[in-house]
Structure formats: C-alpha cells, structure tokens
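Below is one structure; the comments refer to it alone.
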Protein chains: 2
Amino acid sequence: MPLPPRVTDLAGFDLLLSVAELGSIGRAAKAHGMSQPSASERLRTLEARVGVTLLERTHRGARLTTAGQLVAGWAAQVLARAADLDAGITSLRADRQSHLRVAASLTVAEYLLPAWLIALRSVSPDTATVLSAGNSVHVAEQVLAEKADLGFVESTDVPAGLASRVVAHDELVLVVAPAHPWARRRKVTAAKAAATPMVSREPGSGTRQAWEHALGVAGITESAVPLLEMSSTTAIKAAAIGGIGPAVLSLHTVAADVAARTLVRVEVGDVDLHRALRAVWPSGRTPRGPASDLLTIATRTLTHRADRG
Amino acid sequence: MPLPPRVTDLAGFDLLLSVAELGSIGRAAKAHGMSQPSASERLRTLEARVGVTLLERTHRGARLTTAGQLVAGWAAQVLARAADLDAGITSLRADRQSHLRVAASLTVAEYLLPAWLIALRSVSPDTATVLSAGNSVHVAEQVLAEKADLGFVESTDVPAGLASRVVAHDELVLVVAPAHPWARRRKVTAAKAAATPMVSREPGSGTRQAWEHALGVAGITESAVPLLEMSSTTAIKAAAIGGIGPAVLSLHTVAADVAARTLVRVEVGDVDLHRALRAVWPSGRTPRGPASDLLTIATRTLTHRADRG
DNA sequence: GAGAGGCATAGGGACAGCCTATGTCCACAT
DNA sequence: ATGTGGACATAGGCTGTCCCTATGCCTCTC
C-alpha cells in the first residue's frame, strides 16, 4: 500500500517549519536557498493539498494558524525521522576517509545508531562515521581485526578478546494481527507458540536464532515449519498485519505498530526473550576520541531511560 | 536548517519498501500504479543519491542488500510518521459529511491522535473523522454544545457537565542546550527557574499557563520576563537548541530531542509538573459507535503502556 | 531450443518547479 | 498626508524531472 501522495512533499513541510521558526515566508525562503516567490507558491500548493489554511499572511510576515501548528507538529515528527535516515545513510556511504568506524548488529544499527550519530555530530561535527552492519560474528571479527573502532552486538555472550558494556535492552515479542484468535487471549504457552507455524526470518538471522535458542533453554527443541520465510523485517510485519500468521520480532521493530494497535503483542509463557545490547571493543584498548564520545552518548541514553522507567 | 535533499524523495523509499515486501521491482511498480521502467529508474536514482547499492537484482526478482535492509528500516520509520501526518490531515479537512467529530487540545492532537485514528481506521474503515483543535475551554464548549462527539483535554479540573476518563499522562519539562550551564547540574530550584528569563510560548497558551499555575501552587507568583515569546513549539525548540536560553515544553514535544541529546532535561525541584490527559463527553451520554471505539483505543494504549512501565 | 518472467535502455512528451521582474497592500515615520 | 520599506502575490518564460510505451537482453524452465 503506497503512501498517500499528499505527504510525499517533505520539502514543502520543511519550508512550513522554517516559516514557523522564522516568522516570514521570505526569511524561510532564504534559509532554504530559494526565492521568495517560489517559497510562496510552494506553500500555497501545500495548503491546497492539505485542504486547510495553514498560514495567516500579514504585511509583517506569516504565522501559523491552529491547523498549521498541528500540521507543523506532525510534520516535525516526520522530518526528525528523516534526519535519522539521513544520518544513517551518511554513515553507510563509502567515503572512507574518515576516522570513526562502527560495526553494529542490524537491530542496533536500525533503531539506536541514527539518533546517536546525530548527537555525536553535535559533539564533534567533523567526525565522519562509517557503519558496517552484520550479525554478531561479523561485528566481533571487524572489531578484533581493528577494522572497526567500536562494535555493537546483541548476543548474551561476549566473544573472547572483547571488553563490553551494556548500552540498551531488547526483547523478542510475539505479535499477531488484531483479528487473530490469540489477540484476545494475550498469552500463549511456549510449547503452543513453538508448535504453531509462523511468519519468520530466514534460518541464519539473529532474531530467528535467538528465538530458537530461548525455546531451547526452556526445553523445547522442535519448532513448527514456518508458514513463510522472508529476509526483510518490513515484509514480515506486512505479512503479520495482513493476517497471514503470528510473527516473532524485536520489540523495537514493532513498538509503533503495537501502540497503534495494528499488531497485538501476545505474551509467551516461561521463556526469557530478553537480550542485552552491548558495545564491544578490544580488551585493554579503551575507546578514545570519537569512539569514546559515541560510547558515552550510547550509555547516557540508557541511563536517561532508566531515570524515567 | 533545511532537510538534506537526499531524503526528500519519500516516494522512492516507499517503493523500496514495496520491493522488500513483494520481492520484485515489477510487482512493486504495479502496487504503486506505475510502469516497471519508471520504478526501475526511480530506484536507480535513489541508489545514486544514497550512494550505496540497495538492491540485488536477479532474474527472479530483486532483494535487499544488507545496506538496503538498513535503509529500508530507517525509511519505514519515516513513512510511519508520514502515515500519522496523513491521518491527521485527513481529520482536519472540512469534508464535514462525516460522523465522528473530535475536539482536542493541541498536545493530544499532536502526539496521540494520529496513531489512534490509524487504529480506528482498522476497526471501522469507513468512519471519517473531523478534528477541531484548541485549548481546554474550546474543547469543553464543543463537547457541551454537542458539536463534538468526544473531547480530549489536559486540565486537572474537568469542566462541569462533563464526564471523563484519564487516557494518558503528560509532563512539563525544562530543557536547555547541552552547552548551557544547567545541563551539567541537571537540577535547579523552582525559584531559580522562575527568576530566569526563558524562551516561552505566548501568555494565553496552555503550556505557559500550566507552568505558571504549577509555580503558583509552589508559592511562586512572579516570573522573569521571557527572553523571547513565540507561538510555535518548533520555533521554541529551535531557539532552545540554538542556545538562546532554557525553555519549558511538554515532555512529548521534546522526548526525541532529549533522547538524541540535542536538548538536556533539567529537573525542577518542588514543583508538580505532571498533568493527566483526559477524554471528556457530556455527563450521562456515554459515547456510542465510533466515539466509543476511539475511547477504547485511547484507553487501551494507556493500559498497554502501563504493562510495560 | 523456445517461452516466460524480470530488469534495463531509448525516445518523446507533459508538467511541475524555479527564477526575475513587477504589482499590491499596509504600517509607520516624517 | 504622503512617502518609504517590508512582505506577500502575480506574470511570463525556461529548465529539468518524471513518466509512459516499445523494445532489448538475460536466465531459468520445460
């Protein structure tokens, strides 16, 4: 299901936020490196698409209407995630002149790193970061071979030769579509879950291994054959939402869907699905410079969350 | 500061997600109502902008590379917020044929309603919703005059004639730029905060009133003249991040910035800055139909959060 | 070895977006 | 009163992007 075209024009919303911030269309235009008439027209077409007047234009500038404030608030959320996306992309690019090399598991890279990188940029703006994503083994290799200055893994065991610090927590969760029978019960036994065919990641994936490992610890060694195997988290989510069947995914992956009730979380009895996310580095070589900054940022985020929990 | 143009093309990322989900460029193109060559070219220009190969093209379709999975994950976040934005816009439009009319304070409208509306759509897809946003008095008027079927307010006192239920919690927080002296101390007294000029909303705003009320309860009746008064939350955030001065804002507004450490939260001693967000409706007229569904959704979200807290 | 499915390339046309120049409106100062 | 400056709107013309149809190439399958 494609996104409605109404919200595809991020530049327009970005301009709207600048108007809110700077108080006039002309100044916003200058901030975006465009002429005042262009900005003016752009905002008018934005209003036309939205269908509501967003700006009150006066001879002394322009202010947001109530509806404009709402739209600006929603748009700010979109743009904040877009900034995350940009930070992530920047760290993926192969302009490998730079100094901070990070290796991370997919979960960390997807859900935590972008915000950290933005924070890092405000601490040391000139540090370019290169991100290499892979499974735990890959991360350990990179760090041990000193191809990465800092690594982030989600395994419970820290590979030999590496020192570590816990920077966040993750959890596997079982989710179903709201229409699924399990959505009402909100709890199933581990045995039942294991015996039920599900939508699943491919065998080698960290999520799948963690799930099978957790079941193994609980004494369950046989799982049903998956209903469907896919390599992309989004694809699995789409299948689960579409009602194909239950899925097991990282809490971070599905938090938004659970909050919005497009997916329902089902507790699984008697299985420990929790796992710590750790920063790792070669034993004895305490991170220095930007790597140390990034480690501090990651750790502080954790502390802060604990404050509020 | 305008958004980097690299991430402005939401349609391209949306297409990428469809490829991940459907397994081929051609099928994704069909899902988006465009021709296969167009989709193909679009993805190629996307890859060029990102600077990394995102897709592995084979004769049996196309799959995401590791980098592609990362980018898709980040993009999914952006698109999820964009869907919220779209839901909000839909509810603002004046196609007032519809049946569910909601009046809400700005905070609720900005941070909670979009997700609820998306959830509502999955329960009763044909219900169009009209949103009217304003302060608590406005919401009470709308609901009492039966111009709204359900209202959401953030006052501690429920206006006479209305029944209510708590659906969420909010909190005012004092934030400063990381470079500000208070960022290290992480705590100031209420008297000190009141005596310090800050970046502030205009006098009539709910946030400002709540702040002054909370100080009043603590016995502080005089506040310093604001450093700068602006009517938009984003403008205030931008000023605070820029280091103009401290600001007091809703927790929801600044949560992302605090997590990313672009703003630092400073505790304020001896003041109760907490406030409940309530759903309200005319006493004796228990909500029915879509209004009841929305109330259930809002309440469930709260329950679920409590589960995890 | 022929067919089918999937992606890439080529060429042409429509439309959106931008810029410069100019017009209009209103507040404020003289 | 009148002039001036700041701010937004309008007009006209150009450029570039995006999309579509048609076609080509490759590889697996039967």
Side-chain angles (χ1 to χ4, degrees), chain A residues 2-65 67-68 72 230-232 235, chain B residues 2-50 52-65 68 72 230-232 235:
Chain A
L3 194 71
R6 205 161 46 186
V7 294
T8 301
D9 169 34
L10 278 200
F13 288 106
D14 197 14
L15 198 55
L16 181 69
L17 287 182
S18 290
V19 174
E21 189 178 325
L22 302 173
S24 103
I25 296 179
R27 274 195 292 276
K30 195 172 294 177
H32 285 250
M34 67 186 351
S35 72
Q36 170 265 318
S38 302
S40 186
E41 186 187 335
R42 226 186 153 113
L43 288 166
R44 236 174 308 116
T45 68
L46 179 67
E47 281 182 314
R49 257 203 293 269
V50 170
V52 168
T53 305
L54 302 174
L55 289 172
E56 203 175 317
R57 288 148 235 253
T58 73
H59 43 94
R60 303 201 65 84
R63 308 180 23 168
L64 296 184
T65 61
M230 287 184 291
S231 64
S232 130
Chain B
L3 195 72
R6 204 160 48 186
V7 295
T8 300
D9 170 33
L10 280 199
F13 289 106
D14 197 14
L15 197 55
L16 181 70
L17 287 183
S18 290
V19 174
E21 189 178 326
L22 302 174
S24 104
I25 296 179
R27 273 195 292 276
K30 194 172 292 176
H32 285 248
M34 65 184 357
S35 72
Q36 171 266 316
S38 303
S40 185
E41 186 188 335
R42 227 184 152 116
L43 289 166
R44 236 174 307 116
T45 67
L46 179 68
E47 281 182 314
R49 258 203 294 268
V50 170
V52 169
T53 304
L54 303 174
L55 289 172
E56 204 174 315
R57 288 148 236 253
T58 73
H59 46 94
R60 303 198 65 82
R63 308 181 23 169
L64 296 185
T65 61
M230 287 184 291
S231 65
S232 128

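The analysis underlying the following values was restricted to heavy atoms, covering all of them including side chains, and did not include hydrogens, waters or symmetry mates. Residue numbering restarts at 1 for every chain, and letters A, B, ... go by the order of the sequence lines. Remember, it's a predicted structure, so these values are computed and weren't measured experimentally.
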Requested in this report: Note down the inter-axis angle between the two ends of the helix from C/dG1-D/dC30 to C/dT30-D/dA1, five pairs each, to the nearest 10°.
Outcome: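 For the helix from C/dG1-D/dC30 to C/dT30-D/dA1, the axes at either end differ by 20°.
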Evaluate the side-chain proximity of [Y] to [X]: yes if any heavy-atom separation is below 4.5 Å, no if none is.
X: B/L64; Y: B/L16; result: yes
X: A/R63; Y: A/T58; result: no
X: B/L43; Y: B/L54; result: no
X: A/L10; Y: B/L10; result: yes

Rounded to whole Å, please give me the gap between [atom1] in [X] and [atom2] in [N].
X: A/L54; N: D/dC8; atom1: CG; atom2: P; value: 15 Å
X: B/M34; N: D/dT17; atom1: CE; atom2: P; value: 16 Å
X: B/L46; N: D/dC18; atom1: CG; atom2: P; value: 11 Å
X: A/E41; N: C/dC19; atom1: CD; atom2: C1'; value: 11 Å
X: A/E47; N: D/dC8; atom1: CD; atom2: P; value: 13 Å
X: B/E56; N: C/dC7; atom1: CD; atom2: C1'; value: 14 Å
X: B/H32; N: D/dC20; atom1: NE2; atom2: C1'; value: 18 Å
X: A/R57; N: C/dT24; atom1: CZ; atom2: C1'; value: 15 Å

Return the polar atom pairs (N/O with N/O) between nucleotides 25-30 of chain C and the protein under 3.5 Å, or none.
residue: C/dC26; atom: O3'; partner: A/H59; partner atom: NE2; Å: 3.3

What's the separation between atom [atom1] in [X] and atom [atom2] in [Y], rounded to the nearest 0.5 Å?
X: A/L55; Y: A/R57; atom1: CG; atom2: CZ; answer: 5.0 Å
X: B/E21; Y: B/R27; atom1: CD; atom2: CZ; answer: 11.0 Å
X: B/M34; Y: B/E41; atom1: CE; atom2: CD; answer: 10.0 Å
X: B/E56; Y: B/T65; atom1: CD; atom2: OG1; answer: 7.5 Å
X: B/R42; Y: B/D14; atom1: CZ; atom2: CG; answer: 9.5 Å

Query raised in the report: Which is true for A/S38 with a 4.0 Å heavy-atom rule: it touches a base, it touches only sugar-phosphate, or it touches nothing?
Result: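 The residue A/S38 makes base contact.
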Requested in this report: Give A/T58 one of three labels, base, sugar-phosphate or nothing, depending on what nucleic acid heavy atoms sit under 4.0 Å from its own.
Outcome: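 Sugar-phosphate only.
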Report task. Report the C-alpha distance between B/E47 and B/R44 in whole Å, list the side-chain angles of each, state the deciding distance to 0.1 Å, and finish with yes or no for side-chain contact (heavy atoms from CB on, under 4.5 Å). Result -> CA-CA 5 Å; B/E47 281 182 314; B/R44 236 174 307 116; 4.3 Å; yes
Query raised in the report: Under 3.5 Å, is there an N or O donor on one side and an acceptor on the other linking the side chain of A/Q36 and the base of D/dA9?
Result: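 Flag set: donor-acceptor pair detected.
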Does [N] have OP1 or OP2 under 4.0 Å away from a side-chain N or O of [X]?
X: A/R27; N: D/dA7; answer: yes
X: B/S40; N: C/dC7; answer: no
X: A/R44; N: D/dT10; answer: yes
X: B/S35; N: D/dC19; answer: no

Report task. Select one nucleotide: of C/dA8, C/dT20, D/dC18, the one nearest the side-chain heavy atoms of B/P37. Result ->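 The closest nucleotide is C/dA8.
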